[in-house]
Asker: 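Supplied in structure tokens, the structure appears directly below.
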Amino acid sequence: MSTRALRYPALWQSWWRVPLKLTAGFAATVFLALSFAAGNCYHCGPEPILELTLMVSGGVGLLGLLFGLGGNAGAKAAVGRAFNVRYLDDSAEMTRRVHRLSDELGLPRPAVGIMSAANAFAVGSTPKDGAVILGRPLIAALAEDELDAVIGHELGHIATGDMQQMQIACGYRAMFDTAFQIAGGVLSIAAAMAAQDRRRGGDAQLGILVSHLMVTLGRVTVAAGAEVML
């Protein structure tokens with residue numbers, strides 16, 4: 001029986017699914033929080049809630065996408081600085097080893113780096129900009145076939161687009177966390193100012209509670225979603 005090597009275009013998964021799912025999760029959180037608040041508001045209907053949900057989640061989702069793409073573009077350089085990565089030239093034995101395996105997948109040949117941490121990972125904004133980083137302790141401790149398995153695992157991240165999805169998810173989550181903190185502060189201040197009006201004191205207190213609830217649930221939802229996608 002003959003076998004045919006996998007080619008990476010057949011393994012590729014589009015990165016846009018990550019921000020779409022994160023934005024959908026955030027939108028659901030906003031809708032539920034606003035619906036809860038509307039339960040104590042007799043003149044609030046479902047249409048304004050839906051419109052506000054779409055506006056808020058759409059705006060925040062767009063910012064999250066831009067933040068994630070920016071983080072993705074700079075991930076390779078950031079990882080290099082954080083782990084003091086030293087990239088090898090094409091004539092190095094480890095580079096030839098990685099390139100031999102990447103050729104079998106039809107992948108663009110990635111850069112190959114080494115670091116002192118006992119770990120391995122793939123980085124880069126696209127397969128053409130990909131890099132495989134290997135830790136010296138792993139190289140020294142693993143047998144030949146074990147090392148090939150580690151390299152193949154990292155090449156798999158490049159071939160499937162995992163590296164882009166993970167990096168965008170991390171950037172998306174960081175942006176959401178910052179946005180939630182700012183939004184929560186603004187909503188709390190606005191509700192506290194409204195509380196000075198005795199006629200609206202009850203609604204203002206409810207607004208403070210809802211604002212904190214939205215921030216907490218939103219951060220938990222996005223963090224959990226991003227972790228699942230990582």
Asker: Below 4.5 Å, heavy atoms only, C-beta onward: do Val98 and Glu154 meet side chain to side chain?
Answerer: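 A side-chain contact under 4.5 Å is absent here.
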
Asker: Under a 4.5 Å cut-off applied to non-hydrogen side-chain atoms, are Thr95 and Tyr87 in contact?
Answerer: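 No, their side chains stay 4.5 Å or more apart.
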
Asker: Mind checking the CG-OG1 spacing from Leu32 to Thr29? Nearest 0.5 Å is all I need.
Answerer: 6.5 Å

Asker: Rounded to the nearest 0.5 Å, how far apart are CG of Leu50 and OG of Ser35?
Answerer: 9.0 Å

Asker: To the nearest 0.5 Å, what is the distance between CZ on Arg17 and CD1 on Ile168?
Answerer: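 Here the interatomic distance stands at 13.0 Å.
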
Asker: With clusters defined by side-chain heavy atoms of hydrophobic residues (ILVMFWY) lying less than 4.5 Å apart, directly or transitively, does Ile114 cluster with Val85?
Answerer: no

Asker: Is any side-chain heavy atom of Phe26 closer than 4.5 Å to one of Lys21?
Answerer: no

Asker: Is there a donor-acceptor pair under 3.5 Å between the side chain of Gln13 and the backbone N or O of Gly161?
Answerer: no

Asker: If we only count heavy atoms from C-beta on, is the Met94 to Leu134 side-chain gap below 4.5 Å?
Answerer: yes

Asker: Under 6.0 Å from the six-membered ring centre of Phe83 and within 45° of its axis: does the NZ or CZ of Lys76 meet both?
Answerer: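 No, Lys76 does not sit over the ring of Phe83.
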
Asker: Supply the atom-to-atom distance Gln165 CD to Trp16 CH2, rounded to the nearest 0.5 angstrom.
Answerer: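 One gets 10.5 Å once the value is rounded to the nearest 0.5 Å.
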
Asker: Any heavy-atom pair between the side chains of Arg100 and Asp148 that's under 4.5 Å?
Answerer: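 With C-beta onward as the side chain, the pair touches.
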
Asker: Could you walk me through whether Asp103 and Arg96 pass the salt bridge (Lys or Arg N to Asp or Glu O under 4.0 Å) test, one step at a time?
Answerer: CA-CA 10 Å; Asp103 288 346; Arg96 295 199 304 269; over 6 Å; no

Asker: Taking the side chain as C-beta and beyond, is there a heavy-atom pair between Trp12 and Thr160 under 4.5 Å?
Answerer: no

Asker: May I ask you to test the Leu155-Pro110 pair for a side-chain heavy-atom distance under 4.5 Å?
Answerer: yes

Asker: Show your working on salt bridge (Lys or Arg N to Asp or Glu O under 4.0 Å) between Arg109 and Asp90 and close with a plain yes or no.
Answerer: CA-CA 10 Å; Arg109 289 184 169 183; Asp90 290 344; over 6 Å; no

Asker: About how many Å separate CD1 of Ile158 and CD of Gln164, when rounded to the nearest 0.5 Å?
Answerer: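 Atom-to-atom, Gln164:CD and Ile158:CD1 are 10.0 Å apart.
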
Asker: Grouping I, L, V, M, F, W and Y whenever their side-chain heavy atoms are under 4.5 Å apart, do Val18 and Leu66 come out in a common cluster?
Answerer: no

Asker: Are Val112 and Met163 connected into the same hydrophobic cluster when the rule is that any two of I, L, V, M, F, W, Y join if their side-chain heavy atoms are below 4.5 Å apart?
Answerer: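 Yes, Met163 connects to Val112 through the hydrophobic network.
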
Asker: Quick check: do Gln167 and Leu69 have side-chain heavy atoms less than 4.5 Å from each other?
Answerer: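 Sidechains of Leu69 and Gln167: no contact.
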
Asker: Taking it one step at a time, do Arg136 and Leu138 satisfy side-chain contact (heavy atoms from CB on, under 4.5 Å)?
Answerer: CA-CA 5 Å; Arg136 294 186 186 90; Leu138 290 182; over 6 Å; no

